[in-house]
Protein chains: 2
Amino acid sequence: MTLRELAVASSAKTLETLRGDIVRRYEELSPRLQQVAKYVLENPNDMALQTLAVIAERCEVQPSTIVRFAKTFGYEGASDMQELFKDEMLTQAPSPSYAERIRQFSRRAGAAGALAPQDVMHEFADSNILALEHLKSSVRKADLERAVDMIAGANAVYIVGLRRSFPVASYLAYALRHVDKRAYLLDGVAGMLAEQSTMLTSKDLLIAISFQPYAAETVEIVGSTREQKARIIAITDSRLSPIAAASDLVFEIKDAEVRQFRSLTASLCLAQSLVISYAFDMEKRGRGR
Amino acid sequence: MTLRELAVASSAKTLETLRGDIVRRYEELSPRLQQVAKYVLENPNDMALQTLAVIAERCEVQPSTIVRFAKTFGYEGASDMQELFKDEMLTQAPSPSYAERIRQFSRRAGAAGALAPQDVMHEFADSNILALEHLKSSVRKADLERAVDMIAGANAVYIVGLRRSFPVASYLAYALRHVDKRAYLLDGVAGMLAEQSTMLTSKDLLIAISFQPYAAETVEIVGSTREQKARIIAITDSRLSPIAAASDLVFEIKDAEVRQFRSLTASLCLAQSLVISYAFDMEKRGRGR
DNA sequence: TAGCAGTTAGAATTTTTATTTCACTAGTTG
DNA sequence: CAACTAGTGAAATAAAAATTCTAACTGCTA
């Protein structure tokens, strides 16, 4: 069956249906058309604003291929298909009364009343952005460098973080392993948390993550690790936190909070930064030799 | 003094300056040019998307008049001026190619060389902020609402996300339980992933989270879930992702990426928003009774 | 009311853009 | 392995859009 034959029927009338069509038929498209498909899905703005030649160049394809693509999906030609993208842009583009819209939005978000999912999401996104800004200004350069040194100097890194902190802990373990650092996640599967933590020796590093209300198990592990003379980095929300006192290095993270619900964005961002910095550091030292 | 003479100098470099110029010189323009000026100020979108002929017709003027207008303000021709409007549209339109932008951003930030941990962290924080901004503009209202409905309507929610996606999955499971929704994390402990997933019935919901390179196990679970006729929400990075096709609802999330290392910020923010929106929804219905 | 500067509409031209065609490649089938 | 087929790139062609040009119009002044 040729592409031409495939084309016959469809010709989507809205961008959404076109998107659906593309996704559905993606597999059966030829390599070049798949290339176009990908670009089309990811750069609708270009489709609306640029000429065929430009689009073609950007997907590394001949202009004629774009035309073929359009015909495959039932359009007269590429221009015909472009109309859809232009329409889409018009309907969702900030119209001249943009300012008015912003005003309405913030009013809406501020009032406790109507809370459509979208409002919630915007509120979260905004709070998280604030939290990240705060992170940038509050974490001290020296602390980051020390943390990287501690990771680099450790034989292995053990990570503990339960309940709400678990995602951060699991991310940290995953990422460290990916940059070839031995990392063990103390996850307490089968109630073996205490047992898992006895593995720590004085050459290891424990990264403990805990926020209010601090999980008792995490606090305990920090305590017993201290006795084994391993080093400890704490990621927590206050210097007074029960895991802070016993730690060699404390990162105090204020994460976003929207109506009771705490976020993890800033903590995760810190975790990422530590791992990547460590990776860069290793690379540098490697080259240094 | 002729219009031609007036033209000499200017040629505004940004839309804002052009707008200023137009307003300032409006009085001294000829009637036809005033007509164009009015239209230009009020319909910037048309200027970006339409051809001269269309614009001309809409301001009830000859195409050549538009060209004269552009020259009056110091441009080579009308096309030249149109570029401005296109640019403007690109920068302030919800840009799906934020992914590209984020990538460029980090490439740029990285090229500088100096890679102190603090620089890394700032880079991450900034990329994450971009990703969150993008999230705000790219996730559609209707999709969020549908997702909340699906969660509300499900007997139980099963969540799968492996490797890099695991933190998001574990957070979702944790948070859903906290708002009293039955949630099971398919974590594959003891290699029981397949067994865990057979628990799903047609009244349940599966939330699958997977990013490139898509974990084979996740793809499999989505497939078998489909067969069991349960509903599926996918959180993934492309409509072409292997878990997208079988899903009832797809969230396409472009997370920040700094030198190979993908972030999870946007995905987590979406997860949070879903859970909290669900909680609000429950509360509202509860009060309704 | 003749003459003039500035403006305009519309046709003519040039340039750009889209589409079609064709020749070539690689892969498949009998 | 020959004959086909789908897919592709590149050049040729067609279409369209933008720009320029010219003749005619407007309102003003002498």
Side-chain angles (χ1 to χ4, degrees), chain A residues 1-8 11 22 25-40 43 45-86, chain B residues 1-8 11 18 22 25-40 43 45-87:
Chain A
M1 182 157 48
T2 72
L3 288 178
R4 180 129 257 176
E5 286 172 271
L6 279 170
V8 193
S11 171
I22 294 177
R25 294 175 47 190
Y26 183 78
E27 282 308 327
E28 72 196 31
L29 294 177
S30 70
R32 283 291 117 110
L33 293 194
Q34 289 191 352
Q35 230 168 296
V36 177
K38 228 174 198 164
Y39 189 85
V40 165
N43 305 72
N45 291 340
D46 280 6
M47 295 301 295
L49 292 171
Q50 304 301 141
T51 70
L52 275 206
V54 174
I55 297 167
E57 194 190 8
R58 294 201 181 156
C59 16
E60 297 174 306
V61 140
Q62 291 288 323
S64 52
T65 306
I66 315 259
V67 176
R68 273 203 299 271
F69 180 86
K71 295 199 167 166
T72 299
F73 285 93
Y75 298 97
E76 289 276 316
S79 309
D80 193 16
M81 182 175 72
Q82 273 189 305
E83 286 303 312
L84 269 193
F85 289 88
K86 291 187 181 178
Chain B
M1 184 157 47
T2 74
L3 285 180
R4 179 129 257 175
E5 287 172 272
L6 278 171
V8 194
S11 168
L18 173 59
I22 294 177
R25 292 174 50 188
Y26 184 79
E27 283 308 327
E28 71 197 34
L29 295 176
S30 69
R32 284 290 118 112
L33 292 195
Q34 289 191 353
Q35 234 169 293
V36 176
K38 225 175 200 168
Y39 190 84
V40 165
N43 305 72
N45 292 341
D46 280 7
M47 294 303 293
L49 293 172
Q50 305 300 142
T51 71
L52 276 205
V54 174
I55 298 168
E57 193 190 9
R58 294 201 182 156
C59 17
E60 298 175 305
V61 138
Q62 289 291 322
S64 52
T65 307
I66 316 261
V67 176
R68 264 186 295 126
F69 180 86
K71 294 199 167 168
T72 300
F73 285 93
Y75 298 97
E76 287 276 317
S79 308
D80 193 16
M81 182 175 72
Q82 273 189 304
E83 286 302 313
L84 268 194
F85 288 88
K86 291 187 181 178
D87 285 355

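The figures that follow rest on heavy atoms only: side chains count, while hydrogens, waters and symmetry mates do not.
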In whole angstrom, what separates [X]'s [atom1] from [N]'s [atom2]?
X     : N      : atom1 : atom2 : answer
A/F69 : D/dG7  : CZ    : C1'   : 15 Å
A/E57 : D/dG9  : CD    : C1'   : 15 Å
A/L33 : D/dA6  : CG    : C1'   : 11 Å
B/M47 : D/dA18 : CE    : P     : 10 Å
A/Q35 : D/dT8  : CD    : C1'   : 11 Å
A/E60 : D/dT8  : CD    : P     : 14 Å

Reported [atom1]-to-[atom2] distance for the pair [X] and [Y], which is rounded to 0.5 angstrom:
X     : Y     : atom1 : atom2 : answer
B/M47 : B/Y39 : CE    : OH    : 8.5 Å
B/Q34 : B/E28 : CD    : CD    : 10.0 Å
A/K71 : A/E76 : NZ    : CD    : 8.0 Å
A/I66 : A/T72 : CD1   : OG1   : 11.5 Å

Qualifying residues under side-chain hydrogen bond (donor to acceptor under 3.5 Å, both in side chains), relative to A/Q35, sequence neighbours excluded: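 A/Q35 satisfies side-chain hydrogen bond (donor to acceptor under 3.5 Å, both in side chains) with A/R32 only.
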Counterpart residues, side-chain hydrogen bond (donor to acceptor under 3.5 Å, both in side chains), relative to B/T65 (two or more places apart):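 Counting only residues at least two positions away or on another chain, B/T65 forms a side-chain hydrogen bond (donor to acceptor under 3.5 Å, both in side chains) with B/R68.
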Pairs involving residues 49-69 of chain A, ordered by first then second residue, that meet ring-ring contact (aromatic ring centres under 6.0 Å, His included) (sequence neighbours left out):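 Only A/F69-A/F73 qualify under ring-ring contact (aromatic ring centres under 6.0 Å, His included).
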C/dG10 phosphate, OP1 or OP2, under 4.0 Å from B/Q62 side-chain N/O: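 Result: yes.
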Presence of A/R68 side-chain N/O under 4.0 Å of D/dG7 phosphate oxygens OP1/OP2: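 Looking at the OP1 and OP2 atoms of D/dG7, neither is under 4.0 Å from any side-chain N or O of A/R68.
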Acceptor/donor pairs from residues 49-62 of chain A side chains to any protein atom, 3.5 angstrom cut, sequence neighbours excluded:
| from | atom 1 | to | atom 2 | distance (Å) |
| --- | --- | --- | --- | --- |
| A/T51 | OG1 | A/V54 | N | 3.4 |
| A/R58 | NH1 | A/D46 | OD1 | 3.4 |
| A/R58 | NH1 | A/D46 | OD2 | 2.8 |

More than 12 heavy atoms from other groups under 6.0 Å of NZ on A/K38: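 No, because the 6.0 Å sphere around NZ of A/K38 holds 12 heavy atoms or fewer from other groups.
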Axis bend over the full length of the helix from C/dT1-D/dA30 to C/dG30-D/dC1, computed from five pairs that close each end, to 10 degrees: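 Axis-to-axis angle, ends of the helix: 20°.
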Listed pairs, N/O of protein and of nucleotides 17-19 of chain C, under 3.5 Å:
| from | atom 1 | to | atom 2 | distance (Å) |
| --- | --- | --- | --- | --- |
| C/dA18 | OP2 | A/L52 | N | 2.6 |
| C/dA18 | O3' | A/S79 | OG | 3.0 |
| C/dT19 | OP1 | A/S79 | OG | 3.3 |
| C/dT19 | OP2 | A/A78 | N | 3.0 |

